[in-house]
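Letters A, B, ... mirror the listed sequences (proteins, then strands); counts begin at 1.
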Number of protein chains: 2
Amino acid sequence: MSNTWQDEVLADVKAGARINDRHIVDRIRQAVLMQRLPPGTRLPEVTLGEIFGVSRSVVRKALTRLASDHVITQQPNQVARVSAPSVEETREIFAARRLIEGEVVALLAGHLDREQCRILASYVEAEQQAHQRGDEGQRIEHSLAIHHYLADHSPNRTLGVMLSDLILRTSIVIALYKRAGMASCYLENDHAELLSLLERGEGEAARRRVQAHLTALEELLDLRPQDTRIDLAAIFGEAG
Amino acid sequence: MSNTWQDEVLADVKAGARINDRHIVDRIRQAVLMQRLPPGTRLPEVTLGEIFGVSRSVVRKALTRLASDHVITQQPNQVARVSAPSVEETREIFAARRLIEGEVVALLAGHLDREQCRILASYVEAEQQAHQRGDEGQRIEHSLAIHHYLADHSPNRTLGVMLSDLILRTSIVIALYKRAGMASCYLENDHAELLSLLERGEGEAARRRVQAHLTALEELLDLRPQDTRIDLAAIFGEAG
DNA sequence: TCACCAAAACTTGTATACAAAGATCGATTC
DNA sequence: GAATCGATCTTTGTATACAAGTTTTGGTGA
């Protein structure tokens, strides 16, 4: 496990912040979202307790919530781990997200005020710039900001919460199934076009745009059955 | 709080069943589903612990999970209560369920084998009979069995789980906003027609049928803003 | 009679102790 | 050298004690 996120937390604690289970949930969600906690990462209760400066009771509550949200998986008497969904579940997550994010943008189209459009446009701009200077970490962050902004401003808040969860789960499976040689999963212009459709109030077009965007994203992943993914010849050919 | 469900649990415990947090979650979910735990019901940790024969630790874990699923609501330092969603949230829940259950039946259409159709047909039949003999409790149970069967057999399991949660939340808001004078929220033939469309593989028609069914169900509720719901004149006019 | 306030009872928040299950490492045997 | 068995260490499961917050209750004064 990398130490970077642990150090950040320790800094927070020294600053005198009150840590509760909600705080821990948010920190872990954020770390997973930013792909700093890769799928499969062990999350022992005592370790987390020491990092956040609380006892296992508080950590346990946080882990229970994260498990409910499918961010981690827990099995009896075993350490919690960051979820590592199967190929099958990955496809399901994308299909679910297409359905729900499609509906959210359809509801949202034509109902964004000038200020909200401005904010979204700034995210789109920032994402493009990060991409052009090759800063993948920043690019992902801005891209996530766009989708989370849509989720947070869904007229149907219930669907918005569901979408937030699916965005997080999508991050996990991207980290898990990203093609080895793929530098970036940036889809040129998709976000800019979506924003334009939202501004013009073209709900159904926006729905289709988002769904196509997510399908394209899914196709960038390596979702072949596992046997065919590991090319023994290539591995040992190079090594020997 | 009524004692009926508590007695059932005590019987279970005497039978020697090992109780864990999952068990408690299921029992409470079931009780809420059957409208035996009305919205707003207090769920103190110690009381639940005594009923299920476990300590607060286990109860707490169960309550955390139930809160994540929006079955109960928890506020700091206050007793957990069965959720009582606002009118606004109720509309959102119905809209979300229309979207997701619509997709599930569209996916399911034409993919049910003969045995599965037979099982669904038996539920539909049982619901009709319960309605005819005026057994509302049994009717609700069979109706829920139909919808849960669809959720459990969703080709997309992720959407299926989401649908299960929404069915539960729908039960809660029906208990909360059921019109006073309304004997039953039974919609004649809806389920039978849906089954027929599923058998014939007409996915889009099945989607529309389910969505119309849920809209009709929502319209049977009293979702007026709260001020206009309480008719003071009627209350005191009758009393005096 | 009502509003107000303090004390008691109730309830949750957190830490911790101990039990039980799982994982790990090393020695032993084939 | 590989597999197996057991001791040890790690980690979670559960109960419980105490602290802190909330609600209820009962009494007091206007």
Original post:
Under 4.0 Å: is that the gap between some side-chain N or O of B/S55 and OP1 or OP2 of D/dA15?
Top reply: yes
Subject >> side-chain contact (heavy atoms from CB on, under 4.5 Å) assessment of B/I174 paired with B/Q35 >> reply: CA-CA 9 Å; B/I174 288 176; B/Q35 309 191 357; 4.0 Å; yes
Subject >> Most 5' of A/P76 and A/S57 on DNA chain C, judged by nearest nucleotide >> reply: A/S57
**OP:** Output yes when at least one side-chain N/O atom of A/R42 is less than 4.0 Å from OP1 or OP2 of D/dT11, else no.
**Re:** yes
Original post:
Counting distance only, does the side-chain N/O of A/Y177 pair as donor-acceptor with the main-chain N or O of A/V87 below 3.5 Å?
Top reply: yes
Original post:
B/N20 CG to C/dA21 C1': how many Å, rounded?
Top reply: 15 Å
Original post:
Between atom CD in A/Q74 and atom P in D/dT12, what is the gap in whole Å?
Top reply: 9 Å
Original post:
Expressed in angstrom and rounded to an integer, what is the separation of B/Q75 atom CD from C/dT11 atom P?
Top reply: 17 Å
Original post:
Out of D/dT16, D/dG13, C/dT11, which nucleotide sits closest to the side chain of B/P44?
Top reply: C/dT11
Subject >> Closest to the A/E45 side chain, choosing from D/dT12, D/dT14, C/dT16 >> reply: D/dT12
Subject >> A/N77 CG - C/dA19 P separation (whole Å) >> reply: 16 Å
**OP:** Please work out whether the ring planes of B/H147 and B/H213 are parallel, tilted or perpendicular, with thresholds of 30° and 60°.
**Re:** parallel
Subject >> Out of D/dT12, D/dA15, C/dT14, whichever nucleotide has its closest atom nearest the side chain of B/R60 >> reply: C/dT14
Original post:
Can you check the B/L63 CG to C/dG13 C1' distance for me, whole Å?
Top reply: 14 Å
Original post:
To the nearest angstrom, how far is B/R56 atom CZ from D/dT16 atom P?
Top reply: 12 Å
Subject >> Between P of C/dT14 and NE2 of A/H23, the distance in whole Å >> reply: 13 Å
Subject >> Greater than 12 external heavy atoms within 6.0 Å of B/E115's CD >> reply: yes
Original post:
For A/E50 and D/dT11, what is the distance between atoms CD and C1' respectively, to the nearest whole Å?
Top reply: 13 Å
Original post:
With a 4.0 Å cut-off, would you call A/E89 and B/R157 a salt bridge?
Top reply: no
Original post:
Given C/dA21, is OP1 or OP2 found less than 4.0 Å from the side-chain N or O atoms of A/Q78?
Top reply: no
